[in-house]
Peer 1: 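One structure is given below, represented as structure tokens, and several questions about it will come after.
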2 protein chains.
Amino acid sequence: MSKTVNKQGSTSASRRRMQMTDIARLAGVSVSTVSRALSGSELISAHTRERIKTLAQQFNYTVNSVATNLRSGVKRTIAVVVPFEPGSRQSFADPFLHGMIGSLADALTERGYEMLLSRTDADRLDAVAALIDSGRSAGVILIGQWRHHDQLNAMAARGLPLVVWGAHLPHQDYCTVGGDNVRGGQLVAEHLLAQGRRHMVFLGDCGLPEVAQRYRGFVAGLRAGGINLPAQQRMAVPFLAESGRQAMFTLIDRIPELDAVFACSDLLAMAAVGALRERKKQVPTDVAVVGYDDVELSAHFNPPLSTVRQPIHEAGALLVGELLMLLEGKTPPPFVVLETRLIVRESSYVA
Amino acid sequence: MSKTVNKQGSTSASRRRMQMTDIARLAGVSVSTVSRALSGSELISAHTRERIKTLAQQFNYTVNSVATNLRSGVKRTIAVVVPFEPGSRQSFADPFLHGMIGSLADALTERGYEMLLSRTDADRLDAVAALIDSGRSAGVILIGQWRHHDQLNAMAARGLPLVVWGAHLPHQDYCTVGGDNVRGGQLVAEHLLAQGRRHMVFLGDCGLPEVAQRYRGFVAGLRAGGINLPAQQRMAVPFLAESGRQAMFTLIDRIPELDAVFACSDLLAMAAVGALRERKKQVPTDVAVVGYDDVELSAHFNPPLSTVRQPIHEAGALLVGELLMLLEGKTPPPFVVLETRLIVRESSYVA
DNA sequence: AAACTCTATGCAATCGATTGCAATTTGCGT
DNA sequence: ACGCAAATTGCAATCGATTGCATAGAGTTT
């Protein structure tokens with residue numbers, strides 16, 4: 001016969017899944033034996049073990065991990081939570097998030113964990129706790145702390161296994177991994193000053209801790225060079241290309257002598273370049289642009305984008321590592337600040 | 001007191017999770033009553049029900065969905081599988097995938113499902129079956145069929161609830177949702193011909209069904225305009241920016257009279273623009289570039305990128321809808337081909 | 001006050017696996 | 001052939017919930 005026949009001989013609709021009892025019956029042994037054989041227990045004779053394993057494979061049987069979890073209490077699912085701004089769900093669009101998710105997916109797969117991806121309203125972080133309380137996941141990795149430092153502290157106080165990608169803040173009871181945002185902002189300031197720029201603007205919402213730190217570093221760096229950044233040279237924009245573009249138009253009109261833009265994400269920086277181009281400003285000749293994150297596309301942008309690199313890959317591995325430590329009852333470092341480098345490309349450099 | 005105390009009064013390490021028996025004891029009723037009260041059953045008096053719900057909230061109790069699933073047999077987790085090319089894990093980097101994942105996340109959340117995100121070696125798709133067989137997820141949404149049409153057919157024959165984003169192929173037993181790739185390629189051909197372009201190149205790996213269809217449409221469109229596309233004007237590149245860049249260099253050297261590029265993804269198109277720029281070719285004046293997907297960034301690229309729009313949002317909703325139909329035992333349409341539009345922007349249009 | 005509805009709650013089996021302990025089989029010495 | 005240890009395998013309790021059926025009260029009718 002060339003065509004294999006459905007083992008249940010059923011009509012395609014109602015196929016009951018194989019389960020351990022079925023295999024046990026087929027092998028003529030008890031479920032205990034099957035369970036032990038499939039988990040490779042030495043208690044079962046090598047011969048029986050192989051026979052059962054083969055049988056299971058033939059019938060496409062895989063142990064039901066839901067039942068296993070229930071019985072053994074071990075969960076191998078980690079929730080990765082990506083908050084979005086209430087109102088617009090759009091924040092998922094930032095390529096930085098994708099890089100982060102990819103690197104977390106890698107790190108989790110490597111350690112044998114599954115990844116439950118969950119988008120949550122940034123204002124309803126209690127849903128995060130429910131992911132753990134309901135047993136759906138063993139722990140949570142949250143990307144960005146947004147405006148909810150206190151809520152996160154409360155969750156940590158409840159002992160929820162939680163690690164956060166974000167800024168290190170004072171009075172912080174939860175674990176964070178993040179870049180050195182202050183230093184990042186400072187590096188950009190120094191670079192732009194060295195390029196002879198004097199009239200800068202900052203794109204980013206300082207309501208978010210990471211952005212606030214970048215801003216602080218930037219302002220401090222400028223001040224050290226004898227330059228002030230008046231409030232009207234800053235615009236609080238969400239991480240959305242269109243918002244960045246609009247904000248940029250406003251700033252161009254407001255500050256005619258504008259010669260440099262520091263955007264707190266590469267996405268915003270790209271949008272800024274677009275807006276400048278529409279207003280016939282040359283990048284970098286007229287206006288230098290620096291972004292943040294160093295997403296993959298930045299190197300291929302036109303012109304290639306100067307930016308502050310966030311070590312995404314390292315971050316993913318660290319976040320996962322720390323969460324697993326928490327789950328094992330160990331105490332990970334309360335915060336890790338990763339090294340941050342400025343990558344100068346053509347968008348801010350005139351030879 | 002300002003600091004809240006852990007309900008269990010435990011040392012942070014070993015906190016046993018609340019469970020239904022605890023709530024039952026606290027309320028002085030049986031677990032059955034708690035179960036019914038929390039699920040809002042009319043069998044329980046309104047008064048008791050409210051009392052129990054309040055209690056549960058106070059103690060941060062959420063029913064353990066693992067146990068619920070086991071007992072009720074209903075699973076509310078869907079696996080989304082993103083294959084990567086064996087060898088390089090990089091294919092996750094394509095922004096189109098992120099858009100797709102985002103839209104699936106939305107559609108699933110809306111319908112009350114969780115999303116298990118899984119990266120799998122494109123050559124080991126049997127892992128996909130295991131996701132279902134092991135009960136980790138109720139069904140699978142696979143992004144792209146890659147080179148595994150037959151394996152997918154086999155899985156469908158086994159009755160696995162599976163829907164695929166990709167091309168509609170002959171002899172296909174699994175459900176697909178995809179764009180009209182042939183038409184897409186054809187639209188690009190017509191557009192480029194109308195722009196007076198004559199020396200085109202195609203970037204993309206025709207080993208993948210979707211790409212092959214785009215290529216077919218493109219070639220057909222060119223032929224209708226009296227132009228041939230010799231094999232050496234095509235390069236099989238994976239969906240990676242750097243590969244696109246290198247391929248483009250090769251093609252520029254190989255075809256001096258080159259005046260148009262059709263890349264089978266926006267990512268490749270952007271990389272192509274970068275390579276052209278490095279070789280001092282103006283886009284679109286010297287060379288027109290058209291991409292595929294219309295990812296969010298394309299509109300903000302420099303120059304804004306002409307591209308074929310794939311209706312990602314609609315696709316996500318459809319994929320989820322069809323999978324849920326399968327799970328309910330209904331029969332969804334075997335394939336859906338979504339309308340495909342050419343978006344002309346500056347990268348291929350000279351006024 | 002007995003008989004009979006309802007309403008609200010509890011008992012116990014069940015989902016599909018794991019695992020400590022008991023039971024059976026096998027092998028070997030004498 | 002008998003006894004005993006070692007090697008296998010099976011029984012039954014368990015994980016945390018759900019749900020059909022039984023039952024205890026409250027209220028109504030006669």
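To find a chain, count down the sequence lines: A is the first, B the second, and so on, and within it residues start at 1. Predicted, not measured: the structure shown is a model, and the values here were computed from it.
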Peer 1: Starting from P on D:dT18, measure out to CG on B:Leu38 and report it in whole angstrom.
Peer 2: 8 Å
Peer 1: Mind jotting down which residue pairs meet the salt bridge (charged side-chain N to carboxylate O under 4.0 Å, His left out) criterion with at least one end in residues 312-323 of chain A? Sequence neighbours excluded, please.
Peer 2: none
Peer 1: Could I get the full list of side-chain contact (heavy atoms from CB on, under 4.5 Å) partners for A:Ser30, not counting sequence neighbours?
Peer 2: A:Ser32, A:Thr33
Peer 1: Check residues 38-46 of chain A and write down every donor-acceptor pair under 3.5 Å in which the side-chain atom is one partner and the other belongs to a residue at least two apart or another chain.
Peer 2:
| unit_1 | atom_1 | unit_2 | atom_2 | d |
| --- | --- | --- | --- | --- |
| A:Ser39 | OG | A:Ser35 | O | 3.2 |
| A:Ser39 | OG | A:Arg36 | O | 3.2 |
| A:Ser41 | OG | A:Leu43 | N | 3.0 |
| A:Ser45 | OG | A:Thr48 | N | 3.4 |
| A:Ser45 | OG | A:Thr48 | OG1 | 2.6 |

Peer 1: CE of B:Met20 versus C1' of D:dG16: gap in Å, rounded?
Peer 2: 8 Å
Peer 1: Nucleotide by nucleotide, 5' to 3', does protein get under 4.0 Å of the base (B), only the sugar-phosphate (S), or neither (-) in nucleotides 5-15 of chain D, counting heavy atoms?
Peer 2: ---BBBBBBBB
Peer 1: A:Asp22 has an atom CG; how far is it from atom C1' of C:dG16, in whole Å?
Peer 2: 11 Å
Peer 1: Just one of B:Val29, B:Val34, B:Val31 clears the side chain to side chain contact (heavy atoms under 4.5 Å, CB included) bar with B:Ile23, so which one?
Peer 2: B:Val34
Peer 1: Please give, in whole Å, the distance from D:dA17 C1' to B:Ile23 CD1?
Peer 2: 13 Å
Peer 1: Hey, does the side chain of B:Ser35 come within less than 4.0 Å of D:dA17's phosphate (OP1/OP2), counting only N and O?
Peer 2: no
Peer 1: Taking the axis from the first five pairs and the axis from the last five, what angle separates them in the helix from C:dA1-D:dT30 to C:dT30-D:dA1, rounded to 10 degrees?
Peer 2: 60°
Peer 1: Under the criterion side chain to side chain contact (heavy atoms under 4.5 Å, CB included), I'd like the reasoning laid out for B:Asn69 against B:Val74: C-alpha separation, chi angles, the key distance, then a yes or no.
Peer 2: CA-CA 5 Å; B:Asn69 286 350; B:Val74 186; 5.5 Å; no
Peer 1: Not counting sequence neighbours, list each pair that qualifies as a salt bridge (charged side-chain N to carboxylate O under 4.0 Å, His left out) and has a residue in residues 63-84 of chain A.
Peer 2: none
Peer 1: Of all residues at least two apart in sequence or in a different chain, which pass the ring pair (Phe, Tyr, Trp, His ring centres under 6.0 Å) check with B:Tyr113?
Peer 2: none
Peer 1: Please list all pairs passing the salt bridge (charged side-chain N to carboxylate O under 4.0 Å, His left out) test where one or both residues lie in residues 142-155 of chain B, with sequence neighbours left out.
Peer 2: B:Glu85-B:Arg147, B:Arg147-B:Asp205
Peer 1: Tell me every residue that passes side chain to side chain donor-acceptor pair (under 3.5 Å) with B:Thr68, counting only those two or more places apart in sequence or in another chain.
Peer 2: none
Peer 1: Calculate the interatomic distance between B:Ile52 atom CD1 and D:dT18 atom C1'; express it in whole Å.
Peer 2: 15 Å
Peer 1: Mind calculating the distance between CG (B:Asp133) and P (C:dA17) to the nearest angstrom?
Peer 2: 11 Å
Peer 1: Should A:Tyr61 be listed as having a side-chain N or O under 4.0 Å from OP1 or OP2 of C:dG16?
Peer 2: no
